[in-house]
Every structure is written in C-alpha cells, then in structure tokens.
Amino acid sequence: MEDKEKSLNFIEQIIVDDLKTDKHQGNVHTRFPPEPNGFLHIGHIKAICINFETAAKYGGRTNLRFDDTNPVTEDTSYVEAIQKDIKWLGFDWEDRLYFASDYFDALYEFAQELILKGLAYVDDSTSDEIASMKGSPSEAGIESPYRNRSVEENLSLFRGMKNGDFQDGSKVLRAKVDMGAPNLLMRDPLIYRIKHAHHHRTGDKWCIYPMYDFAHGQSDSIENITHSLCSLEFIHHRPLYDWFIEKLEIFPSRQIEFARMNVEYMITSKRKLLQLVDNGLVSGWDDARMPTVAGLRRKGYPAAALRAFCDKAGVAKRENLIEFDLLESCVRDELNRVSDRAMVVVNPLKVIITNYPENKYEDLEALDNPEDENSGSHLIPFSKEIYIEREDFMEDPPKKYFRLGPGRAVRLKSAYIIQCEGFKKNENGEVEEVYCTYIANSKSGEDVSGVKAKGTLHWVSVKHAITCELRILDHLFTDPTPDSHEDRNFLDFYNKDSMTIATAHMEPWLNKAVLGKHYQFMRNAYFALDQDSTDDHKIFNRTVALKASWGGK
RNA sequence: UGACUCAUGGUGUAAUGGUAACACUACGGUUUUUGGUACCGUCAUUCAAGGUUCGAGUCCUUGUGAGUCAACCA
C-alpha cells in the first residue's frame, strides 16, 4: 500500500460514491468495446487503460466486447489484431470475451418488447425523408406518417424485416420518443436497419442489424456493466441510453463520459490514418511512425511507458492536447530502467592509438545495464584503431567542451583514458585521423593512473565493428495539430523527414540483438531492433533520443 | 437560433467552502567512467463582473470564450 494518497479523478469519485451507497453490492464492472473495423491507436490505449485500471483499482473486472453491429465494415482479422494489442499492453479480460453479435437474439426480443409497449414503430420513409423530418437544432422535427401504426402492424412488419421480406433501406425500426426533443438523438432514433450482408460471426442468419444506440447500452446491461466509460462525444447519447434501460426495465448500467486524449503531432482519425497508408506516406499500419499500437510497439515504446503516459495525462472532461514531451519523458523513464547499453558510432572519425600494439586486442567488460543490479555484462573488443563520433573531436575546442581536442584527455567508456597528440587532415581540410596515446594503467575498473578526464566517449574497434542501419524517426507531421486547420489539409503538414536512414558501426555484441528488447546506444538514443532486420543486416529504430543538455559549439 | 459539456501556470491534472499542489517543459545548480540517470532550486492569486459567506478556484446569477450534436457509422 502506498502511504501517499493520490487524489481521485471524477470517475473514481463516482465509483467511490457508488461503493459507499452500495449501489451494486460492491461490484465494479467495466468494458472496453472496440469496433472490429480498424487498428487500435493511442486514443484507444487511453480508453483501455481507464477501463481496465479503474476496475482493477476497485477490485472489479473488465470485459472485452467487440461492438460488431455493422457487418459491412467489420472483419475477423481486426478481432485478432485488437486482442493481440490489448494483451501486449498488459491487460487481461480473462474469459470475458464478448461480442455484441452474441446478443442479436436478445436485442431482437428487446425491440419486440418496445413495439409491444407502443414505443417503437416501423417507418417506410426513405433516408432523406427521415433526415428532413428530423428538423434542426433550432427547430422541432416532424412526426413520420408511419408513426402511429398499430402494434400488430408494427410487429408483423418488423418480423417481415427480419425474415428478409424487404429490401435494404426500405424500412427501419424507430424508437418512439419525442420529435420535439431539443436533443436530436431523442427524435425517434433509428434502432434497426435492413442490411442483407454477411456478418463475420453470425453469417447470414440476420438481415437486420441493431444500431449503436440500441446495441451498446443493452449489451452493457446484459453484461451487468456498472460503469460504462466512454468519450465525451457520446454525451448526447446518454439520455437515450437511459431511456432504453428504463423502458426495457433492465440492469441499470451507467454511462460516464470522459474527454478523449489528444497528443501533439498525432492524429487518430481512422480515415486519415488510412490515407497515409494508401498514399504510401508510411509503409503500413505498423509503420514505426504511426500512432497505432503496432506502430508505437515497433518504434520501441514499452507498454509500461504507454500505461504510465496515460496515467500521467490524467482523466477529466475538458478538451486537452497532451505534450509530446510528456510521452517521451515516460518512455525515457522506463527505457532507462530496462535498456541494455551498447556502443554505436554513427559518424565515424578514426582514432589511432599510437602506443598500442599493432595486432593486439583485448576484450573489455561492460555492464549490460548499470541501472539494474541483476543485469549481466558483455565483452567489447578494444584495439589500436577505433572510431569515435566526429562531433567528439574539435580541432580548436571552446573551454566548456569536455571531449577530445589537441592535448586533451578523455575516458573511453569501459576502456582507457586517451590523450590526443595530433591529427591529420585530408585535402578538403577535414580531419581524417586523430592520433592518441593511451594510459595503460587507466583501464576501466582498475584505474591507478590518477589522471582525471572530464569527458567520456563511446567508441567501437574499427576491426571488430559491424555495420548496421539506423532509422531515425521523427514526428509524422510538422504541426502539433495537423488536422485542426480549416484551410489546410493535414497532409500538407506531412513531415518528409519523419524517417531518415543512417548507417552506423556497432559493437559486435549487438549482432545478438533481440526483437522486443530495448537498447540504449550510449550518449545517443534508445533503439529497438526492427522486424525488417536479417541475420547479417541489423536495422534499429530510434525510439527516443537521450536528453541533451549541451548544445555544442 | 436550440440543447448539452467545459473553463486553474507553457502543457496536463489536483485542491471535495479554510494557506492553489503534483507531473512534464524551460532555466539555474550538485553528483556522475553516458553532457544520460539521480538530486536541489526558480517559474500562476484560478476567463470576466456581480452575489452568498467570517472565508469562494470551489456555491448562485449574468456574461465571455471553447467544444459537441441533425450517418440506415460506432
């Protein structure tokens, strides 16, 4: 138990109050209800965390329920992908995997019940007619000419709809609420439509399908969901949600809306994400730049970091735009704990250690992860010629530059202290080689030299280094809210430098890099092995750069 | 024009009528065989105007601003 009391968000307040009044005999049951028609993204992650974590906090459970009431857009392949993503995020719905389509029979009965109560009717109006009779926010709607059909006629017509007697679009079932209601959704909403379409689970059993409003709340009720958490956009649906529960006299689930999370430089519109894929601006839904779970995972963001991020972003009802910095902060925090450290040189500059024997090499030991006491170590070969970063040497360095320069000494990480004795330039005036001497008794861990070096550099042995590919990932867009500009298309803000490729020299140990593990290339950034790698060509995605507190020059 | 939400530092979230707090960012500093990490410090009288109260970010009224709603989508 934590001794510090963390304040509750407004949803937790509601739950605590319900617990106090014993509203549901101490039960807390939530659900995550994705529609299987697309891939999960950062916005879903927030919803998943809120649903699973809130329930868990109060000893409750969370169901996974696919909201599959529209057969024309949904598919089983998404069902698999979504489950994989939720598991990866670290959540478990145990044996509570449900589908709204499991309830089609029950929903059909509910509809008949409503008809019997004179609270639903079959409408023969066209889609356009229904829309025009709906009215507008400022003017009341008009009642449909079919609104007062008899219960018997409605019942028989609805059965006819179910039996396939009518064509798509020719009839709908509507709830009889109030065409004058200020809330448009209460103006006799459609609850069943005819769709002669094959459903991914129920096949051809049905040719009528319930609309969201007639499926979601009832599904919640059937599953005894106590707190149905959804985003603010559904707030206008709540009166309808409650209306059906009241009229049907079923379990009183309660819908609670929270503001969805917006993150700088990310978009979550399914349609727009698809455009990126279709236009070839990304390689697919799992491109490491995509805000999808698959993309974030591929980029190297750990599930724990994503969970921490959602937690720190908080829960409330106001519009928000979370800074990308917070996400990166959470990612670094987690990665610092779990990443193995390695040395990789991106822009090589050759250093020749003049007093080191020509053919000698030694294996130097380096801790895999100094932040983790239980981590092991690995060996790094050291020899006469090494690469350091070009930016780690300056011909005429300023005073605050802690790296290599003529006459200066630096520590080579896990190795020796070296002293710069000179350098050579090529015909273009660029530094080509740097000459150093090493201090033999300054070996890492057994340094008795007494020499103090302010800076520490990473390096690789020229002879032993292996070439690899680095994919440097940046924001997909140049604007923090690319789809918020009325006069500009979000694609105008596509960042053409969102992925740049670099070739680098890595220490041999990295050839054993594993998919799903995280690596810190010291003094540079965190990287994760990409799935495109092969045995002799390793590819790493830059997850996030290390913080840099020195600007240079 | 209607209804429904919301309004606290640069960002996000707290403060449940009683001294505006925490995190991220930014900027300083300490430590360091990663200019990383860790640690310390600095940065807001709460949209406006009235009202209730001994006391208001919190309650009431009126404004102002922002968002959402008129798919046989979810």
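Values below: every heavy atom of this structure, side chains too, minus hydrogens, waters and symmetry copies. We name chains A, B, ... by the order of the sequence lines, and we start the count at 1 in each one.
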query = Any side-chain heavy-atom pair from A:I191 and A:P210 closer than 4.5 angstrom?
reply = no
request  = Have a look at A:E257 and say if it touches a base, only the backbone sugar-phosphate, or nothing, with a 4.0 Å heavy-atom cut-off.
outcome  = nothing
Check ion pair A:E53-A:R307 (N to O, under 4.0 angstrom) = no
key: Note, A:E362 side chain near A:P381 side chain (heavy atom, < 4.5 Å)   = no
task = Remember a base hit wins even if backbone is also touched, and classify A:G455 as base, sugar-phosphate or nothing at under 4.0 Å, heavy atoms.
result = nothing
Rounded P spacing from B:C4 to B:A49 in Å = 26 Å
query = Contact class for A:S132 vs. all strands (heavy atom < 4.0 Å): base, sugar-phosphate, or nothing?
reply = nothing
message = Please confirm whether the shortest side-chain N or O distance from A:R523 to OP1 or OP2 of B:G35 is below 4.0 Å.
response = yes
Among B:G35, B:C24, B:U34, the one nearest A:Y401 by side-chain distance = B:G35
ask   = Counting just side-chain N and O atoms, does A:S127 come under 4.0 Å of either OP1 or OP2 of B:C72?
value = yes
inquiry  = Considering every strand and a 4.0 Å limit on heavy-atom distances, what is the contact class for A:H237: base, sugar-phosphate, or nothing?
reply    = base
request  = Quick one: label A:K400 by what it contacts on the DNA or RNA (base, sugar-phosphate, nothing), any heavy atom closer than 4.0 Å.
outcome  = base
message = Assess whether a salt bridge exists between A:R31 and A:E223, defined as any Lys/Arg side-chain N lying under 4.0 Å from an Asp/Glu carboxylate O.
response = no
message = Measuring from the side chain of A:L190 (C-beta onward, heavy atoms only), which nucleotide among B:U34, B:C72, B:A14 has the closest atom?
response = B:C72
inquiry  = Can you check the distance between B:C60 and B:G17, where both ends of the measurement are the P atom (answer in whole Å)?
reply    = 12 Å
task = Answer yes or no: is there an ion pair linking A:D447 with A:R411, defined by an N-O contact shorter than 4.0 Å?
result = yes
message = Base, sugar-phosphate or nothing for A:E319? Non-hydrogen atoms, less than 4.0 Å.
response = sugar-phosphate
task = Sticking with atom P, work out how far B:G50 lies from B:G12, rounded to a whole angstrom.
result = 28 Å
request  = Rounded to the nearest angstrom, tell me the gap between atom CG in A:L321 and atom C1' in B:U13.
outcome  = 15 Å
request  = Compute the ring centroids of A:F234 and A:H216, then answer whether they are less than 6.0 Å apart.
outcome  = no
ask   = What does A:S549 touch in the nucleic acid at a heavy-atom separation under 4.0 angstrom: a base, only the sugar-phosphate, or nothing?
value = sugar-phosphate
ask   = Which part of the nucleic acid, if any, lies within contact of A:E371, taking any heavy atom under 4.0 Å across all strands shown: a base, the sugar-phosphate backbone alone, or nothing?
value = base
request  = Can you sort out the partners of A:D483 under salt bridge (charged side-chain N to carboxylate O under 4.0 Å, His left out), two or more places apart, ordered by chain and number?
outcome  = A:K272
ask   = At under 4.0 Å between heavy atoms, what does A:V315 touch on the DNA or RNA strands: base, sugar-phosphate, or nothing?
value = sugar-phosphate
key: Which nucleotide in B:A14, B:A70, B:C73 has an atom nearest any side-chain atom of A:R193   = B:C73
ask   = When the C1' atoms of B:A14 and B:A44 are considered, how many whole Å apart are they?
value = 14 Å
query = Under 3.5 Å, is there a donor-acceptor pair between the side chain of A:N369 and the main chain of A:R337?
reply = yes
request  = Rounded to whole angstrom, note down the P distance from B:C43 over to B:U37.
outcome  = 23 Å
inquiry  = Taking any heavy-atom pair under 4.0 Å as a contact, classify A:N183: base, sugar-phosphate, or nothing.
reply    = nothing
key: Atom pair distance, as rounded to whole Å: NE2 in A:H236 and C1' in B:A3   = 8 Å
query = Nearest to the side chain of A:K195 - B:U37, B:G2, B:C73?
reply = B:C73
ask   = In terms of side-chain geometry, is the basic nitrogen of A:R193 or A:D168 positioned less than 4.0 Å from the acidic oxygen of its partner?
value = no
inquiry  = I want to verify a distance call: between B:A70, B:U13, B:C72, whose nearest atom is closest to the A:M211 side chain?
reply    = B:C72
key: Nucleotide B:U11, atom C1' - distance to CG of A:L327 in whole Å   = 13 Å
message = Output the rounded distance in Å from CZ (A:R260) to P (B:U5).
response = 20 Å
query = Hey, is the main chain of A:P239 close enough, under 3.5 Å, to the side chain of A:D242 for a donor-acceptor pair?
reply = no
task = Please determine if a side-chain N or O atom of A:K270 lies less than 4.0 Å away from the OP1 or OP2 oxygen of B:A74.
result = no
query = Taking OP1 and OP2 of B:U34, is either one under 4.0 Å from a side-chain nitrogen or oxygen of A:R332?
reply = no
task = Output the single nucleotide from B:U33, B:C72, B:G12 whose closest atom is nearest the side chain of A:I322.
result = B:G12
note = Checking B:A14, B:U5, B:G2 against the side chain of A:S7 (C-beta onward), the nearest is B:A14
query = Within this structure, what is the CZ-to-C1' distance between A:R31 and B:A74, rounded to whole angstrom?
reply = 12 Å
key: Nearest-nucleotide pick for A:W550, side chain only, options being B:G35, B:G10, B:A70   = B:G35
request  = Could you tell me which nucleotide pairs with B:G2 by Watson-Crick or G-U wobble geometry, both distances under 3.5 Å, or answer none if nothing does?
outcome  = B:C69
ask   = Could you state the CG-P distance from A:N70 to B:A71, rounded to the nearest angstrom?
value = 16 Å
Partner nucleotide, any strand, of B:G63 [Watson-Crick/G-U, under 3.5 Å] = B:C47
ask   = Of the nucleotides B:G36, B:U16, B:G2, which has the atom closest to the A:Q13 side chain?
value = B:U16
request  = Please report, rounded to the nearest Å, how far the P atom of B:C4 is from the CZ atom of A:R238.
outcome  = 12 Å
key: B:A7 versus B:C47 - spacing of their C1' atoms, nearest Å   = 7 Å
request  = For B:U34 and B:G41, measure between their C1' atoms and round to the nearest Å.
outcome  = 24 Å
query = Across the strands shown, which category fits A:G445 at heavy-atom distances under 4.0 angstrom: base, sugar-phosphate, nothing?
reply = base
task = May I ask which nucleotide in the shown strands pairs with B:U32, Watson-Crick or G-U wobble, both distances under 3.5 Å?
result = none
Residue whose closest nucleotide on RNA chain B lies nearer the 5' end, A:M522 versus A:P182 = A:P182
task = Write down the distance separating the P atoms in B:G9 and B:A21, rounded off to the nearest Å.
result = 14 Å
ask   = How long is the line joining CG of A:D178 and C1' of B:G2, in whole Å?
value = 14 Å
N or O in side chain of A:K452 less than 4.0 angstrom from B:U32 OP1/OP2 = no
Under-4.0 Å side-chain N/O to phosphate OP1/OP2 contact, A:Q167 with B:C72 = no
ask   = OP1 or OP2 of B:U37 less than 4.0 angstrom from a side-chain nitrogen or oxygen of A:R341, does that happen here?
value = no
request  = Would you mind pulling out the nucleotide paired to B:U37, Watson-Crick or G-U wobble, both distances under 3.5 Å?
outcome  = none
inquiry  = So A:K454, base contact, sugar-phosphate only, or nothing? Heavy-atom distance under 4.0 Å.
reply    = nothing
message = Heavy atoms only, 4.0 Å cut-off, all strands: where does A:T73 land among base, sugar-phosphate and nothing?
response = nothing
inquiry  = At 4.0 Å (heavy atoms only), tell me whether A:T456 reaches a base, stays on the sugar-phosphate, or touches nothing.
reply    = sugar-phosphate
request  = Ignoring the backbone of A:F234, work out which of B:U1, B:A74, B:U25 is nearest its side chain.
outcome  = B:A74
query = Within the structure, does a side-chain N or O atom of A:S329 lie under 4.0 Å from either OP1 or OP2 of B:A23?
reply = no
task = For B:U11, give its Watson-Crick or G-U wobble partner with both distances under 3.5 Å, or none.
result = B:A23
